[in-house]
Amino acid sequence: MSAIHLALAGAQAELPTALSRDAANESAGYRYMTLDALIAATRPILTKHELTITQWPTTLERAEADGKMALVPALRTTITHAKDGATMSDVMPLYLRDKDMQGLGSAITYARRYAWASALGIAAEEDTDAAPMPQEDIPF
């Protein structure tokens, strides 16, 4: 097993398996775990095991119906082992409800929270999340 996998296994042994939802969207009627609460609960343990997580917006290519390639917004999440520089990384598409900068910002924050928690094996306290998104807003 590689050093990054051993470090991640050590961190996961100390990380919580679930975190409570610390905020609410009263108008939509759901609760959620905030990104800052997730980072605050996990970063000290990651640091102890010489792991970092970086996340940034990027794009993915997709084929349009006419065969032309288009770019869709995405989020890259990378776990790095500080000792040897080994990385684990993946990219997930961003689903925008509103096609403006605020919609992009919301999608980035939402995706960061889910990617961070998923990469570390952490679940939110409840199994359902957020208001449903209309299918026509999914970019592919």
Side-chain angles (χ1 to χ4, degrees):
M1 190 179 274
S2 69
I4 191 170
H5 291 102
L6 288 171
L8 186 56
Q12 285 181 323
E14 295 181 41
L15 289 166
T17 56
L19 290 171
S20 63
R21 295 173 182 233
D22 60 317
N25 182 329
E26 300 298 334
S27 62
Y30 64 88
R31 296 186 52 73
Y32 60 96
M33 174 179 41
T34 59
L35 179 60
D36 59 327
L38 175 62
I39 292 171
T42 58
R43 185 174 282 158
I45 296 167
L46 293 172
T47 301
K48 176 182 172 185
H49 291 273
E50 300 179 315
L51 295 169
T52 63
I53 295 182
T54 53
Q55 296 178 300
W56 62 95
T58 188
T59 55
L60 290 172
E61 281 191 329
R62 72 161 178 186
E64 297 288 327
D66 61 6
K68 293 182 182 177
M69 297 306 287
L71 295 176
V72 295
L75 178 80
R76 177 175 299 279
T77 300
T78 301
I79 300 174
T80 303
H81 189 239
K83 189 174 280 186
D84 65 7
T87 62
M88 299 169 62
S89 188
D90 204 1
V91 178
M92 68 185 296
L94 298 176
Y95 300 108
L96 280 65
R97 177 173 289 179
D98 298 317
K99 310 287 192 268
D100 57 20
M101 289 306 289
Q102 186 173 0
L104 178 61
S106 294
I108 290 169
T109 300
Y110 194 88
R112 285 188 67 202
R113 186 171 60 240
Y114 276 87
W116 188 295
S118 295
L120 299 178
I122 297 172
E125 206 169 57
E126 299 170 27
D127 197 38
T128 59
D129 196 14
M133 180 179 286
Q135 292 298 307
E136 64 270 8
D137 287 341
I138 296 176
F140 49 94

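Small disclaimer: the values here were computed from a predicted structure and weren't measured.
- Using a 4.5 Å heavy-atom cutoff, the side chains of Pro73 and Leu96 are in contact.
- Between the side chain of Arg76 and the main chain of Ser89, no donor-acceptor pair closer than 3.5 Å is present.
- Panel note: side chain Gln55, backbone Arg112; a donor-acceptor pair is recorded below 3.5 Å.
- With contacts defined as side-chain heavy-atom distances shorter than 4.5 Å, the pair Thr78/Met88 does not qualify.
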* Asked: Given Leu120 and Ile53, is the side-chain contact (heavy atoms from CB on, under 4.5 Å) satisfied, shown in steps?
  -> CA-CA 10 Å; Leu120 299 178; Ile53 295 182; 4.0 Å; yes
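- Ala70 and Glu64 get closest at one heavy-atom pair: CB-OE2, 2.9 Å.
- Across Ala63 and Met69, no two heavy atoms sit closer than the pair CA-SD, 3.9 Å.
- In this structure, Ala11 and His49 approach most closely via the heavy-atom pair CA-CD2, 3.6 Å.
- Of the possible polar contacts, one joining the Asp66 side chain to the Lys68 backbone as a donor-acceptor pair under 3.5 Å is found.
- Met1 and Ile4 are not part of a single hydrophobic cluster, where members link through side-chain heavy atoms under 4.5 Å apart.
- Counting non-hydrogen atoms of neighbouring residues, nucleotides and ligands closer than 6.0 angstrom, the CD atom of Gln102 reaches no more than 12 such neighbours.
- Closest approach of Pro44 and Ala40 over heavy atoms only: CD-O, 3.4 Å.
- The CG atom of Leu35 sits 11.5 Å away from the CD1 atom of Ile108 when rounded to the nearest 0.5 Å.
- By the rule that hydrophobic residues join a cluster once side-chain heavy atoms approach within less than 4.5 Å of another member, Trp56 and Met101 end up as members of separate clusters.
- Separation of atoms CD1 (Ile45) and CG (Leu15) is listed at 4.5 Å; rounding is to 0.5 Å.
- Closest non-hydrogen pair, Leu75 versus Pro57, comes out as CD1-N, 4.2 Å.
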* Mind running side-chain contact (heavy atoms from CB on, under 4.5 Å) on Leu71 and Glu61 for me, showing each step along the way? => CA-CA 5 Å; Leu71 295 176; Glu61 281 191 329; 3.6 Å; yes
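- Here the shortest heavy-atom pairing between Met92 and Ala115 reads SD-CB, 3.9 Å.
- How far NZ of Lys83 is from CG of Leu51: 11.0 Å, rounded to the nearest 0.5 Å.
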* Step-by-step side-chain contact (heavy atoms from CB on, under 4.5 Å) determination, Leu94 to Tyr110 -> CA-CA 9 Å; Leu94 298 176; Tyr110 194 88; over 6 Å; no
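- Atom CG of Leu46 is separated from atom OG1 of Thr80 by 11.0 Å, given to the nearest 0.5 angstrom.
- Between His81 atom NE2 and Thr87 atom OG1 the span is 12.0 Å, to the nearest 0.5 Å.
- Summarising the geometry, atom CG belonging to Leu38 is positioned 10.0 Å from atom CZ belonging to Arg43; distances are rounded to the nearest 0.5 Å.
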